[in-house]
2 protein chains.
Amino acid sequence: MVAFTSKDVARKAGVSQSTVSYVMTGKRPISETTRLRVQAAIDELTYQPNQGARALKSQRTRVIGLIVPFGHGVDTAGVLPFIETITSSARAQDHEVLLNTSDEGSDGLRRLAGRQLCDAIVLMDILGHGDDRIPVAADLGLPVVLVGVPADPMGLSCVDLDFAAAAELAVDELAETGHDRLVVLGYPAEIIDRDVNYVRRFLDAATAAAARHGMPCEVIGSLEPHRAAADHAAALIEPGLVEIGRVGVIVPQSQIVQPFLHALSARGLRPGHDLSVIGLCTDVAAEQMEPPVTNVSLEPRDVSRRAMQSLFWLLEPTPAGPPPAIDLIPPRLTRRTSVM
Amino acid sequence: MVAFTSKDVARKAGVSQSTVSYVMTGKRPISETTRLRVQAAIDELTYQPNQGARALKSQRTRVIGLIVPFGHGVDTAGVLPFIETITSSARAQDHEVLLNTSDEGSDGLRRLAGRQLCDAIVLMDILGHGDDRIPVAADLGLPVVLVGVPADPMGLSCVDLDFAAAAELAVDELAETGHDRLVVLGYPAEIIDRDVNYVRRFLDAATAAAARHGMPCEVIGSLEPHRAAADHAAALIEPGLVEIGRVGVIVPQSQIVQPFLHALSARGLRPGHDLSVIGLCTDVAAEQMEPPVTNVSLEPRDVSRRAMQSLFWLLEPTPAGPPPAIDLIPPRLTRRTSVM
DNA sequence: TTGTAAGCGTTATCAC
DNA sequence: GTGATAACGCTTACAA
């Protein structure tokens with residue numbers, strides 16, 4: 001299993017090495033006869049150019065670095081479609097994807113850039129404040145796209161779901177279906193401490209939208225993503241309340257949507273009949289729940305696709321103009337059985 | 001943001017380029033004074049070696065290619081911990097991970113090897129028969145480890161959960177807790193057609209173990225991973241049957257565990273009280289179900305860790321001797337609330 | 001203990 | 001239209 005080089009191809013085709021290169025890249029005109037001879041040699045030897053050498057010469061690795069959130073207890077549920085879409089977008093542009101985990105912190109970024117392992121970086125799992133990777137990323141001299149919106153992007157492109165629009169979508173749906181009372185399950189203390197930006201964006205927009213509709217809106221605060229917290233929240237929905245009004249509950253934490261639905265059922269409150277529930281979660285998750293829950297999707301595929309569009313624009317700017325610095329993807333609501 | 005080279009370091013430290021190299025690799029003794037001078041220059045310039053150049057010279061990329069199953073409707077639920085563990089194992093050995101999806105088929109393998117993008121490959125999502133990537137992989141001239149066991153591994157190392165032991169573990173648990181009647185929910189036609197090897201391994205071992213315990217064992221066949229199928233299966237569990245005996249159900253398809261549990265409840269059969277259910281699924285999934293289900297885990301972390309051990313042994317054989325050609329990882333059963 | 005220099009496989013600038 | 005040839009940044013004999 002020896003790997004052939006362009007030298008072998010050149011010898012076999014009776015041409016110079018540079019001609020082989022030009023046949024591969026098409027960067028200068030080649031007579032049809034030699035082109036065919038070279039191509040035959042390439043095919044016969046199943047020659048493929050050595051990427052390391054190519055990168056060394058051209059200063060372009062054709063590799064995208066992808067930093068994904070792993071370990072440290074982060075909500076890792078919906079991360080797979082992001083990875084999948086980013087990989088296939090990269091491959092569609094004939095680029096490779098180098099996977100790194102966020103637990104290496106800013107050192108990982110420095111390694112990726114310093115050792116010239118990639119031409120550009122996609123950074124997932126962005127915190128609102130105090131993410132020390134942002135200044136490092138901004139100073140890398142490489143195109144970097146953030147999936148998420150930090151308080152100060154420091155000039156980096158950001159792509160994320162439009163969480164404000166997501167909240168409005170959910171509230172509007174409940175308003176239009178005649179609900180007159182809104183409950184939003186809040187986030188755990190840890191998340192709010194870390195100041196994940198989208199939390200604020202979502203909650204603020206939800207209360208504003210409720211006010212616009214003249215609906216009373218209660219935020220049940222500080223819910224850990226555990227069964228017990230979901231149970232606790234369900235206990236706060238008084239059956240009496242449900243009898244006098246049409247109550248809609250928005251659950252922005254995907255991990256507790258299912259436990260919450262179950263806790264309601266266990267208390268004799270049937271989602272979709274006695275009250276309504278809208279979850280903020282992936283479509284597959286929503287589909288598999290009991291009952292299948294009306295959801296606002298995180299649109300991982302759209303978000304990643306746009307992130308990669310921004311990235312490739314930064315790698316090769318076109319006259320079409322730059323992508324938006326902060327690119328917020330419109331959410332989508334899918335009706336299932338949990339809204340009455 | 002210029003990238004410094006070892007030449008810059010050499011100039012700054014007043015030594016030759018090779019001395020810089022030897023300081024970095026430690027492959028020959030360096031006097032303490034020059035070592036310090038060189039190190040100071042390295043630190044000052046934050047020099048990092050260009051990986052492309054290194055790979056070109058040393059013929060070692062220090063990259064592991066990872067092929068993961070995406071798209072084409074495969075059960076993609078438990079794949080994240082595999083990726084995570086493989087990535088951190090690679091990093092622990094100072095290797096990078098290049099991510100590719102299985103939808104590129106054998107061409108993807110040829111590209112990874114032919115362009116010398118990596119030193120070795122981990123191939124997930126192995127089919128029992130007719131996977132045309134196996135012969136290609138076997139002929140690549142690179143170490144390749146399969147996660148999964150094809151009918152003919154063609155000399156490649158395989159690592160997988162011991163599905164036979166998993167089935168036995170589940171059956172033994174039900175036998176020991178006094179069950180006298182066993183039901184196993186079977187696999188969908190599509191999966192059996194594709195002949196995913198572990199299906200057969202699991203079902204055969206389950207029936208054998210049941211026979212050993214003298215328990216009647218019924219396999220409900222051809223269940224698609226949909227709610228309707230789960231409902232259908234639940235309907236086959238006659239309440240009369242439950243009254244006269246202690247029934248244990250094994251659900252090897254993780255996607256239908258939750259729907260099946262719910263379908264039972266809806267029929268008034270409480271898992272953990274009226275009958276028992278054991279699922280074959282990840283621990284996180286089992287933990288989040290309603291009710292939390294006793295499960296046999298797929299042990300993605302153990303499997304990937306062992307896969308990487310095999311891989312690194314193939315890259316640098318040690319006197320310790322080779323890893324097993326077919327490395328089956330022992331499963332683990334976690335008791336929750338679904339077994340009475 | 002350190003330096004010189006060749007070469008890894010590619011691309012691109014000169015020449016012809 | 002095509003062929004030499006000089007880099008790209010690194011490692012590693014071979015010298016000194």
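Naming: A, B, ... by sequence-line order, numbering from 1 per chain.
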Enquirer: Starting at atom NZ of B:Lys27, determine the distance to atom P of D:dC10, rounded to an integer number of angstrom.
Expert: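 Between P of D:dC10 and NZ of B:Lys27: 15 Å.
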Enquirer: Could you state the CD-C1' distance from A:Gln48 to C:dT10, rounded to the nearest angstrom?
Expert: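 After rounding, the gap between these two atoms is 15 Å.
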Enquirer: Give the rounded distance in Å between these two atoms: NZ of B:Lys7 and P of D:dA7.
Expert: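 These atoms are roughly 9 Å apart.
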Enquirer: If you measure from the Lys or Arg side-chain nitrogens to the Asp or Glu carboxylate oxygens, is any gap between A:Glu96 and A:Arg62 under 4.0 Å?
Expert: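 No, no charged N to carboxylate O under 4.0 Å.
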Enquirer: Compare the minimum distances between each of C:dT10, D:dC8, D:dT12 and the side chain of A:Ser6, then state the nucleotide with the smallest one.
Expert: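 Of the candidates, C:dT10 comes closest.
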Enquirer: Would you say A:Thr34's side chain and A:Ser31's backbone share a donor-acceptor pair under 3.5 angstrom?
Expert: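 Yes, because the side chain of A:Thr34 sits within donor-acceptor range (under 3.5 Å) of the backbone of A:Ser31.
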Enquirer: Side-chain N or O of B:Arg54 versus OP1/OP2 of D:dT11: is the shortest distance under 4.0 Å?
Expert: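 It does, given that an N or O in the side chain of B:Arg54 lies less than 4.0 Å from OP1 or OP2 of D:dT11.
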Enquirer: Tell me whether the OP1 or OP2 atom of C:dG9 has a side-chain N or O from A:Thr5 closer than 4.0 Å.
Expert: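 No, A:Thr5 has no side-chain N/O under 4.0 Å of OP1/OP2 on C:dG9.
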Enquirer: B:Gln51 has an atom CD; how far is it from atom C1' of D:dC8, in whole Å?
Expert: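 Whole-Å distance recorded here is 15 Å.
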Enquirer: Can you tell me if the side-chain N/O atoms of B:Thr34 get under 4.0 Å from OP1 or OP2 in C:dT1?
Expert: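 No.
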Enquirer: Does a nitrogen or oxygen in the side chain of B:Ser31 sit under 4.0 Å from OP1 or OP2 of C:dT2?
Expert: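 So the side-chain polar atoms of B:Ser31 do come within 4.0 Å of the phosphate oxygens OP1 or OP2 of C:dT2, strictly under.
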Enquirer: Counting the atoms with a prime plus P, OP1 and OP2 as sugar-phosphate, which does B:Thr19 contact under 4.0 Å by heavy atoms, base, sugar-phosphate, or nothing?
Expert: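 Sugar-phosphate, backbone atoms only, no base.
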Enquirer: Starting from P on C:dG9, measure out to CG on B:Leu117 and report it in whole angstrom.
Expert: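 In whole Å, C:dG9 P and B:Leu117 CG are 15 Å from each other.
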Enquirer: Want to settle it: does B:Leu56 or B:Gln17 sit nearer the 5' end of DNA chain C, counting the closest nucleotide to each?
Expert: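 Its nearest nucleotide lies further toward 5', so the answer is B:Gln17.
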Enquirer: Using only side-chain N and O atoms of A:Ser21, determine if any of them is under 4.0 Å from OP1 or OP2 of C:dT11.
Expert: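 Yes, such a contact exists.
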Enquirer: Main chain of A:Glu84, side chain of A:Ser88: is a donor-acceptor contact present, judged purely on distance under 3.5 Å?
Expert: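 Side chain of A:Ser88 to backbone of A:Glu84: a pair is present.
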Enquirer: Does a donor on one side chain sit under 3.5 Å from an acceptor on the other, for A:Thr87 and A:Arg91?
Expert: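 Note: A:Thr87 and A:Arg91 side chains miss the donor-acceptor criterion.
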Enquirer: Report the residue (A:Thr33 or B:Asn50) whose heavy-atom-nearest nucleotide on DNA chain D is the more 5′ of the two.
Expert: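 In this pair, the answer is A:Thr33.
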Enquirer: Using only modelled atom types and a 3.5 angstrom limit, is any donor from either the side chain of A:Arg28 or the base of D:dG3 paired with an acceptor on the other?
Expert: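 Donor-acceptor pair under 3.5 Å: yes.
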Enquirer: Is there a donor N/O on one and an acceptor N/O on the other, under 3.5 Å, for the side chain of A:Ser18 and the base of D:dA4?
Expert: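 Indeed there is one.
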Enquirer: D:dC10 phosphate, OP1 or OP2: any side-chain N/O from B:Tyr22 under 4.0 angstrom?
Expert: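 For D:dC10, OP1/OP2 do not have a side-chain N/O of B:Tyr22 under 4.0 Å.
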Enquirer: Using a heavy-atom cut-off of 4.0 Å across all strands, would you classify B:Val20 as base, sugar-phosphate, or nothing?
Expert: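 It contacts nothing in the nucleic acid.
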Enquirer: Please report, rounded to the nearest Å, how far the P atom of D:dG1 is from the CG atom of A:Leu36.
Expert: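 That distance rounds to 14 Å.
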Enquirer: Tell me: CD of B:Gln59 to P of D:dG9, nearest whole Å?
Expert: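 The distance from CD of B:Gln59 to P of D:dG9 comes to 19 Å, rounded to the nearest Å.
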Enquirer: Under 4.0 Å, counting only non-hydrogen atoms across every strand here, what does A:Tyr47 touch: a base, just sugar-phosphate, or nothing?
Expert: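 Counting heavy atoms under 4.0 Å across all strands, the contact made by A:Tyr47 is with sugar-phosphate only.
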Enquirer: How long is the span from the CG atom in B:Leu117 to the CG atom in A:Asn50, to the nearest 0.5 Å?
Expert: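 Reported value, rounded in 0.5 Å steps: 8.5 Å.
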Enquirer: Could you tell me if A:Ser18 and A:Ser21 have a donor-acceptor pair between their side chains, going purely by distance under 3.5 Å?
Expert: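 No - no donor-acceptor pair under 3.5 Å links their side chains.
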Enquirer: Figure out the CZ/P separation between A:Arg60 and D:dC8, and round it to whole Å.
Expert: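 In whole Å, D:dC8 P and A:Arg60 CZ are 19 Å from each other.
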Enquirer: Taking for each residue the nucleotide of DNA chain C with the nearest heavy atom, is it B:Gly14 or B:Ser58 whose nucleotide lies nearer the 5' end?
Expert: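 The residue whose closest nucleotide sits nearer the 5' end is B:Gly14.
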